[in-house]
Number of protein chains: 2
Amino acid sequence: MASPEIDALTQALSRLPGLGPRSARRAVLYLLKKREGALGPLLAALSAVEARLTDCSICGNVDTTDPCGICADPRRDQRALCVVEEVADLWALDRSRLFPGRFHVLGGRLSALEGVRPEDLGIDSLIRRIEAGGIDEVVLAMNATLEGQTTAHYIAERIERFPVRVTQLAHGLPVGGELDYLDEGTLAQALRARRPVA
Amino acid sequence: MASPEIDALTQALSRLPGLGPRSARRAVLYLLKKREGALGPLLAALSAVEARLTDCSICGNVDTTDPCGICADPRRDQRALCVVEEVADLWALDRSRLFPGRFHVLGGRLSALEGVRPEDLGIDSLIRRIEAGGIDEVVLAMNATLEGQTTAHYIAERIERFPVRVTQLAHGLPVGGELDYLDEGTLAQALRARRPVA
Ligand SMILES: [Zn+2]
Ligand SMILES: [Zn+2]
């Protein structure tokens, strides 16, 4: 069979979401055939990312700079803050270009089942950002799951003492749906119709 | 949006077969979240392969050693030689563990349309291997396409002067089918029923 090095590459690729053993083998063959055109650029891109990768100390985004590109962008609306569960959600919303403000990544959602408590999420850092002032609106963009909504309500209670408008994404989202899987149209609709937390 | 480095990584991954822009983004997010568990190993595996990658000077396989692992394996039957169009076909047949001999990779198939002539393929090197002696059977394992079969017939004519049995994969293969996409059962059937070239 293939050499240990090629086997290791196939295995590393097959662990990526969306790639099984079969497609990983095809990807490896493609890379081996296109050394200059594909393997080289992929290696260079991975190295560059690996060397610079960092968590944003402000929002929890993952980027190659700290603060991340979004937090460092002066054209972003400083007054609007969108709270998401995961970096993947931040990316999905940012890709849609519908939200002009900044983000805050919790790093998960409250879950009794998985033992995730408030102190395990970036909630204290969120409150410090709001306390620092300058924020008019906090959009709670949790997933439309039971745990996501529990998390949103918990945060809404924790921040109701601040003079900020707290909204959440409209429930045009399919029940049980995860932000990261939705098309931009659905996201746009949910964002446009966002409403104050009851 | 994401940093230039992360964009470059997403683009490099999205060019792999089986990964579109969307799954490439998910793969990148996965890598960013699992720096030690996924990004590190993938980078190490790619580096190791890139540093050692070479064409086998005997059979045309791509491997991290020259001769390749198959050509260097003394347990392989030296008397049987399987001729394939592409490295992907060699891997597919080798994975099935049905062929105990060695391989010869042509690097393509004859094609008037694409201007691929005999001298563009590894046919001269194949003839030199047969001339060197010690080979009893040459299995022509071309794809069941018009061009694949044209290539097989061309090679059969070129080597009919040698005292070797020339066979080809049985036409249990679906018409137009490409070796690399077939399941092992179909491959096994086709290999078992291989027949002398008419
Ligand atoms: Zn940030
Ligand atoms: Zn070889």
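- Residue contact with chain B, scored on non-hydrogen atoms closer than 4.5 Å, involves the backbone and the side chain of A:Arg26 alike.
- Both the backbone and the side chain of A:Ile6 come within less than 4.5 Å of a heavy atom in chain B.
- If you measure heavy-atom distances from A:Gln11 to chain B, you find no contacts under 4.5 Å at all.
- Between chain A and the residues B:Pro17, B:Ala48, B:Ser23, the largest count of heavy-atom pairs under 4.5 Å involves B:Pro17.
- Most heavy-atom pairs under 4.5 Å with chain B, from the set A:Leu46, A:Leu19, A:Leu16, A:Val87: that is A:Leu46.
- Checked against B:His104 for a side-chain contact (heavy atoms from CB on, under 4.5 Å), the options B:Ile58, B:Leu126, B:Val84 give a single hit: B:Leu126.
- Ranked by heavy-atom pairs under 4.5 Å with chain A, the first of B:Arg15, B:Glu50, B:Arg35 is B:Arg35.
- Most heavy-atom pairs under 4.5 Å with chain B: of the set A:Asp73, A:Leu43, A:Asn61, A:Leu90, this distinction falls to A:Leu43.
- For a residue to count as touching a neighbouring chain, one of its non-hydrogen atoms must lie under 4.5 Å from one of that chain's; by this rule A:Ala27 touches chain B with backbone and side chain alike.
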May I have the step-by-step check of salt bridge (charged side-chain N to carboxylate O under 4.0 Å, His left out) for A:Asp94 and A:Arg102, ending in yes or no? CA-CA 9 Å; A:Asp94 188 53; A:Arg102 295 186 178 177; over 6 Å; no
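- The most heavy-atom pairs under 4.5 Å with chain A, out of B:Thr10, B:Thr65, B:Leu39, come from B:Leu39.
- If you measure heavy-atom distances from A:Asp55 to chain B, the contacts under 4.5 Å come from both the backbone and the side chain.
- When each of A:Thr150, A:Val166, A:Leu106 is tested with A:Ile155 by the rule side-chain contact (heavy atoms from CB on, under 4.5 Å), just one qualifies, namely A:Leu106.
- A:Lys34 does not touch chain B: none of its heavy atoms, backbone or side chain, sits under 4.5 Å away.
- In terms of heavy-atom pairs under 4.5 angstrom with chain B, the leader among A:Ala88, A:Gly18, A:Ala8 is A:Ala88.
- B:Ala38 does not touch chain A: none of its heavy atoms, backbone or side chain, sits under 4.5 Å away.
- Side-chain contact of B:Asp66 with B:Thr54: a donor-acceptor pair under 3.5 Å is absent, judged by distance alone.
- A distance-only check finds a donor-acceptor pair linking the side chain of A:Glu85 to the backbone of A:Asn143 [under 3.5 Å].
- For the pair A:Val138 and A:Ile130, the minimum side-chain heavy-atom distance is below 4.5 Å.
- Side-chain contact between B:Ile123 and B:Arg158 is present, with at least one heavy-atom pair separated by less than 4.5 Å.
- Residues A:Ser3 and A:Glu5 have side chains that bring a donor and an acceptor to within less than 3.5 angstrom of each other.
- In terms of modelled atom types and a separation under 3.5 Å, the side chain of A:Thr151 and the main chain of A:Leu110 share a donor-acceptor contact.
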